[in-house]
Amino acid sequence: MLSQTAGAATSGHSRLVPSRIAILFAATDPAMTVKTRFAPSPTGYLHIGGVRTALFSWLYARHHGGRFVLRIEDTDRERSTEESIEAILTGMAWVGLDWDEGPVRQTERFARYAEVAESMLRAGTAYRCYCSREELDAMRAAQVARGENPRYDGRCRERRAPVPGVSPVLRLRSPGTGSVVVRDLVHGDVPFDNAGLDDLILVRSDGVPTFHFGVVVDDADMGITHVIRGDDHLTNTPRQIHILQALGMPVPVYAHLPMILGPDGARLSKRHGAVNVLEYREQGYLPEALLNYLVRLGWAHGDQELFTREEMIRLFDIADVNAAAARFNPEKLAWLNQQYIQRGDREQLAGQFAAHLARRAIAVQGGPPLAAVVDAYRERAVTLDDLAQASRYLFVEPVPLDEKAARQHLKPAIAPALERLRERFAALGGWQRQDLHEAVATVAADCGLGFGKLGQPLRVAITGGTVSPPIDVTLELVGRERTAARLAQALAHIAAYGA
RNA sequence: GCUCCCUUCGUCUAGCGGUCCAGGACGCGGCCCUCUCAAGGCUGAAACAUGGGUUCGAUUCCCAUAGGGAGCGCCA
């Protein structure tokens with residue numbers, strides 16, 4: 001029933017019936033096993049927009065208990081690279097989007113494309129075109145000059161004899177009249193006039209299939225039921241349907257997702273910040289936070305903001321996807337990441353945190369347990385890299401004294417109190433935050449100071465700066481030895497510069 | 001130029017004809033909490049692009065206009 005296309009769909013009723021309902025019906029046919037795919041071209045890193053597309057495709061398959069295929073569209077031999085394929089696989093693995101089939105490379109399937117091309121030539125649904133690029137360019141230029149649309153005029157359609165010395169391309173003999181309807185789960189039925197669609201190239205003169213041809217043959221061969229991709233492909237879709245029809249192959253249901261724009265509304269690019277998924281890993285974002293952010297771009301489930309992977313799978317419905325483009329908002333991503341850091345499992349976070357410390361060449365030996373650091377900092381770190389930077393003083397010796405902080409808080413007047421603190425700490429039996437808090441409170445009271453009046457100089461002394469977790473927690477993390485040493489250092493500093 | 005898509009607070013969105021002088025979230029302002037920074041709680045400002053229809057009634061349906069976006073390659 002999916003093979004019904006132009007003929008039936010254009011018969012008139014599709015504009016009157018609420019099309020999304022009609023299509024949904026087809027898409028949820030229980031007899032059909034859902035199969036989706038993500039088909040990036042390996043011409044660079046895995047883009048954040050690509051991840052969103054992959055996510056929706058993956059979610060749709062998982063939600064319906066279907067299959068998800070990863071296909072590498074590497075027919076552009078000039079620009080495709082092995083490194084890009086690696087980057088895509090690494091990126092997918094990092095965000096945890098797993099596939100059931102593939103990765104299939106189109107370059108492995110050339111024999112199949114040739115076979116299909118041959119059959120089209122025999123059937124007359126495609127023909128050889130011997131036009132040179134120069135000829136085509138001239139033709140288009142002339143059309144534009146005349147105020148017409150640039151399109152191939154079909155001059156080789158009825159050609160019989162080959163042109164000596166020219167290797168031809170293969171072109172689709174497209175209908176030219178009538179119309180096609182793209183059945184789309186997010187846009188509804190979108191009709192296109194065939195007159196606006198020219199004879200596109202299926203196979204290049206070097207025998208390599210073009211994007212449109214490869215996509216169509218692959219999707220059909222792999223039994224893809226739902227093509228979920230960016231809506232920059234929407235106007236390409238009628239042409240792909242023509243190929244499918246020429247082949248007598250079933251037409252899938254489409255879902256063209258709105259694009260992700262940069263914060264300024266322009267197409268998302270490097271100048272907006274990170275667009276490569278792996279850069280987010282480097283910056284200390286959690287994959288689940290990134291996915292949570294991405295799924296909310298164009299999709300919502302009431303007022304819910306936080307979704308576990310399982311909830312996303314259970315709740316996701318392509319019918320709830322918005323048709324309008326969304327802007328990428330780094331602040332909200334940051335907020336989400338913080339939410340995930342706040343709620344995450346301490347041991348698991350500690351594991352990822354370790355990688356960021358290592359990346360900054362911070363050795364953890366002699367420092368506090370990482371899980372304890374995570375607990376102390378989870379409410380004040382937006383990313384794991386923030387955490388690594390902010391907690392550096394817990395691991396690295398010596399700790400640099402912030403000049404301004406020292407000037408403000410390490411004054412001669414506070415020296416006696418710090419001295420008493422040092423004695424008190426030395427006499428302490430345990431080194432738990434409760435004992436430490438009490439010690440600081442007692443000394444402060446004895447010196448006639450408020451807790452904060454002593455706490456802040458102490459903080460500067462043991463961390464080098466004015467910002468850290470609560471002072472008792474900080475002391476506990478810094479540890480007995482290092483606290484003693486740093487207090488002594490601070491006292492020496494006051495003696496030397498204090499006057 | 002032609003074709004197609006899109007249009008609710010600054011941003012992401014809820015809303016599927018009356019429940020909306022429009023709800024939530026990020027961000028922003030204020031207050032509270034407080035040893036710093038955060039986190040948290042309370043609170044405030046902030047939107048249905050415009051014009052026509054349809055209807056007893058439009059944010060919701062239809063049509064224009066305007067403004068965004070995409071496509072029109074031997075790129076994908």
Side-chain angles (χ1 to χ4, degrees), chain A residues 18 20 39-43 73-76 78-80 129 131-133 136-137 140 143-144 147-152 167-171 182 184 186-187 190-193 195-198 200-206 208-212 214-215 230-239 256 258-259 261 263 265-267 293 296-306 322-336 338 342 377-382 390 405 409 437 440-441 444 450-456 458-460 463 465-472 474:
Chain A
R20 298 199 16 182
S41 60
T43 54
E73 310 225 318
D74 54 353
T75 54
D76 183 346
E78 313 279 280
R79 301 194 299 147
S80 297
C129 167
C131 297
S132 67
R133 290 170 208 247
L136 294 173
D137 287 345
R140 277 190 275 262
Q143 288 166 333
V144 171
E148 295 170 16
N149 298 333
R151 63 198 304 279
Y152 181 67
S167 17
V169 299
L170 187 72
R171 298 189 101 110
V182 176
D184 190 289
V186 348
H187 292 279
V190 184
F192 288 88
D193 203 337
L197 276 12
D198 61 0
L200 76 168
I201 293 175
L202 267 17
V203 181
R204 300 176 173 96
S205 52
D206 63 0
V208 177
T210 60
F211 162 71
H212 292 293
V215 162
D231 71 9
D232 48 338
H233 287 293
L234 183 55
T235 50
N236 284 153
T237 306
R239 322 171 82 98
H256 286 97
M259 313 244 68
L261 274 20
R267 194 177 183 137
Y293 178 70
R296 286 285 287 99
L297 248 32
W299 177 79
H301 182 259
D303 287 340
Q304 188 170 345
E305 295 288 349
L306 267 21
N322 232 62
R327 298 190 190 200
F328 189 87
N329 184 337
E331 280 85 34
K332 186 144 187 190
L333 204 214
W335 175 78
L336 271 165
Q338 186 169 33
Q342 274 181 51
Y377 272 96
R378 64 199 319 161
E379 280 177 359
R380 57 208 98 220
V382 167
H409 297 285
H437 190 274
V440 176
F451 192 96
K453 284 278 181 275
L454 179 56
Q456 206 49 0
L458 173 57
R459 173 170 282 115
V460 174
T463 72
T466 57
V467 175
S468 84
I471 197 66
D472 50 352
T474 303

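Each chain gets a letter, A, B and so on, in the order its sequence line appears, and its residues count up from 1.
- Nucleotide B/G24 holds its C1' atom 14 Å from the NE2 atom of A/H301, rounded to whole Å.
- Rounded to the nearest Å, the gap between the P atom of B/C42 and that of B/C26 is 12 Å.
- Classified by interplanar angle (parallel below 30°, tilted 30° to 60°, perpendicular above 60°), the ring pair A/F451/A/H437 is parallel.
- Using a 4.0 Å cut-off, some side-chain N or O of A/N322 falls inside it from OP1 or OP2 of B/A14.
- When heavy atoms are screened at a 4.0 angstrom cut-off, A/G298 is found touching the sugar-phosphate backbone but no base atom.
- A/R239 and A/D198 are joined by a salt bridge, as a carboxylate oxygen and a charged side-chain nitrogen come within less than 4.0 angstrom of each other.
- Looking at A/S205 and A/S167, their side chains never bring a donor and an acceptor atom within 3.5 Å of each other.
- With a cut-off of 3.5 Å on both Watson-Crick or G-U wobble distances, the partner of B/C61 is given as B/G53.
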Please assess A/L336 against A/E331 for the test side chain to side chain contact (heavy atoms under 4.5 Å, CB included), listing each intermediate value before the final yes or no. CA-CA 9 Å; A/L336 271 165; A/E331 280 85 34; over 6 Å; no
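- Distance A/D76 CG to B/C74 P: 13 Å, rounded to the nearest Å.
- Heavy-atom minimum distance, A/Q342 versus A/R378: O-NE, 3.2 Å.
- Across all strands shown, A/T75 has heavy atoms under 4.0 Å from sugar-phosphate atoms exclusively, and none from any base.
- Partner assigned to B/C72 is B/G1, using Watson-Crick or G-U wobble distances below 3.5 angstrom.
- Not counting sequence neighbours, A/F192 has no partner by the ring pair (Phe, Tyr, Trp, His ring centres under 6.0 Å) test.
- Note that CZ of A/R151 is 8.0 Å distant from CG of A/L197, once rounded to the nearest 0.5 Å.
- Between A/R171 and A/A300, the one whose closest nucleotide on RNA chain B sits nearer the 5' end is A/A300.
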Once each nucleotide of nucleotides 25-45 of chain B is scored for protein heavy atoms under 4.0 Å, what B/S/- sequence comes out, 5' to 3'? BS--------BBBBSS-----
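- Spacing between atom CG of A/D206 and atom P of B/C74 amounts to 12 Å, rounded to whole angstrom units.
- B/G24 and B/G41 have their P atoms separated by 14 Å, given to the nearest Å.
- Spacing between atom CZ of A/R79 and atom P of B/C74 amounts to 14 Å, rounded to whole angstrom units.
- As rounded to the nearest Å, B/C61 and B/G1 have P atoms that lie 29 Å from one another.
- In terms of heavy-atom proximity, A/P263 sits nearest to A/P330 at CG-CD, 4.1 Å.
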Using a cutoff of under 3.5 Å, can you pull out all pairs of nitrogen or oxygen atoms linking the protein to nucleotides 69-72 of chain B, with atom names and distances?
unit_1: B/A70; atom_1: O2'; unit_2: A/D232; atom_2: O; d: 3.2
unit_1: B/G71; atom_1: O4'; unit_2: A/T235; atom_2: OG1; d: 3.0
unit_1: B/G71; atom_1: O2'; unit_2: A/T235; atom_2: OG1; d: 3.1
unit_1: B/C72; atom_1: O2'; unit_2: A/P150; atom_2: O; d: 3.3

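- Using a 4.5 Å heavy-atom cutoff, the side chains of A/V440 and A/L458 are in contact.
- In this structure, A/Y293 and A/A324 both approach RNA chain B, and ranking their closest nucleotides by distance from the 5' end singles out A/A324.
- Residue contacts for A/R296: at a heavy-atom cut-off of 4.0 Å it reaches a base atom on one of the strands shown.
- Nucleotide B/U7 has B/A66 as its partner under the Watson-Crick or G-U criteria, with both atom distances under 3.5 Å.
- Ranking B/C74, B/C6, B/U11 by closeness to the A/A323 side chain, first place goes to B/C6.
- As a whole-Å value, the separation of A/L197 CG from B/C4 C1' is 11 Å.
- Between the side chain of A/Q456 and the backbone N or O of A/T466 there is at least one donor-acceptor pair closer than 3.5 Å.
- No engagement by A/F328 is indicated, since no non-hydrogen atom pair under 4.0 Å with the nucleic acid exists.
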